[in-house]
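Below: one structure, written as structure tokens.
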Amino acid sequence: LFLLPFLSMSQSVFNKAFDNDSTNDFGQGVIQTLDGGFLLIAYSSTLLSDLVIIKTNEKGNETWRKTYNFKTGYGDDPQAVIQLIDSSYIICGVTQDTNGTKPDIMLFKVDKNGDSLWLRRYGGIEQDYGDDVKQTADGGFIILSNSYSFSGGNNLDAYLIKTDSDGVIEWDTVYGGSGDDVTEKI
């Protein structure tokens, strides 16, 4: 993994490489945190692909690293991260369903030190993929995702989920027609 923030188009502040032993790591996102540091989300290509979170200070020096493995088959693949006002983090992406048979949408909350607070899985009987998350005005979350579950596994539909602050679904809706309807960002 490589972190290279810029002050302007041509002036980098620093550059840092983060190694995870002998595995390949794939950075999926980075945000600047409320304390001026950075939080990187990635997946590591171990046998079952782990979710990796790395927190740095404002100079890019690693302050903590956490690795999570929630499944027995499909890998944990983070796609988006946001920081909340209490300095905790919400990560949206993909993880294995509880039966260990297919990918489900993941919403994962960690505290400011990267310790797990809760994990929620969403989806139906087919493959579902979380793409993006934003906090809503009421403190809950809106999740943008893609799903095969609502078309009988034939087409990819856009799937929008609204949760409360604990990740409990308040409502959800599917958008799609006869072909694939793909989402990426809110």
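Looking at L84 and F141, their side chains come closer than 4.5 Å, going by heavy atoms from C-beta outward. Side-chain contact between I41 and L51 is absent, with no heavy atoms from C-beta onward closer than 4.5 Å. Looking at R65 and V52, their side chains come closer than 4.5 Å, going by heavy atoms from C-beta outward. Annotation: side chain of F108 is not in contact with side chain of T95 (no heavy-atom distance under 4.5 Å).
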Check: Would K66 and D115 count as a salt bridge (Lys or Arg N to Asp or Glu O under 4.0 Å) if you check the C-alpha gap in whole Å, the side-chain angles of each, and the deciding distance to 0.1 Å?
Finding: CA-CA 8 Å; K66 300 286 181 157; D115 296 321; 2.8 Å; yes

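When all heavy atoms of C92 and I143 are compared, the pair lying nearest together is SG-CG2, 3.8 Å.
Qualifying salt bridge (Lys or Arg N to Asp or Glu O under 4.0 Å) partners for D35, counting only residues two or more places apart in sequence or in other chains: K55. Evaluation of the side chain to side chain donor-acceptor pair (under 3.5 Å) rule for Y89 yields Q83 as partners, not counting sequence neighbours. Scored by the salt bridge (Lys or Arg N to Asp or Glu O under 4.0 Å) test, D86 finds no partners at all (sequence neighbours excluded).
By the neighbour-count criterion of 12 heavy atoms within 6.0 Å, atom CD of E184 is sparsely surrounded, having that number or fewer from other residues, nucleotides or ligands.
When the options D138, D172, T173 are evaluated for a side chain to side chain donor-acceptor pair (under 3.5 Å) with K162, the one that passes is D138. Partner V182 forms a side-chain contact (heavy atoms from CB on, under 4.5 Å) with one of N146, D131, D157 and no other, that one being N146.
Tracing side-chain contacts under 4.5 Å through hydrophobic residues (I, L, V, M, F, W, Y), one never reaches L144 starting from I91; they form parts of separate clusters. Residues Y175 and I186 are members of one and the same hydrophobic cluster, defined by side-chain heavy-atom contacts under 4.5 angstrom among Ile, Leu, Val, Met, Phe, Trp and Tyr.
How far OH of Y122 is from CG of D97: 15.0 Å, rounded to the nearest 0.5 Å. Of the inter-residue distances, the one linking T56 atom OG1 with W64 atom CH2 reads 10.0 Å to the nearest 0.5 angstrom. Here the OG-CG distance, from S87 to L34, works out to 5.0 Å after rounding to the nearest 0.5 Å.
By the 4.0 Å N-to-carboxylate-O rule, R120 lies too far from D104 to be salt-bridged with it.
Side chain of T163 to backbone of V168: no donor-acceptor contact under 3.5 angstrom is found. With hydrogens and angles ignored, the 3.5 Å screen pairs no side-chain donor or acceptor of S145 with any backbone N or O of G130. Of the possible donor and acceptor atoms, none in the side chain of K109 sits under 3.5 Å from a partner among the backbone N and O of L117.
Y129 and Y148 have perpendicular rings, their planes meeting at more than 60° on a 0 to 90° scale where under 30° would count as parallel.
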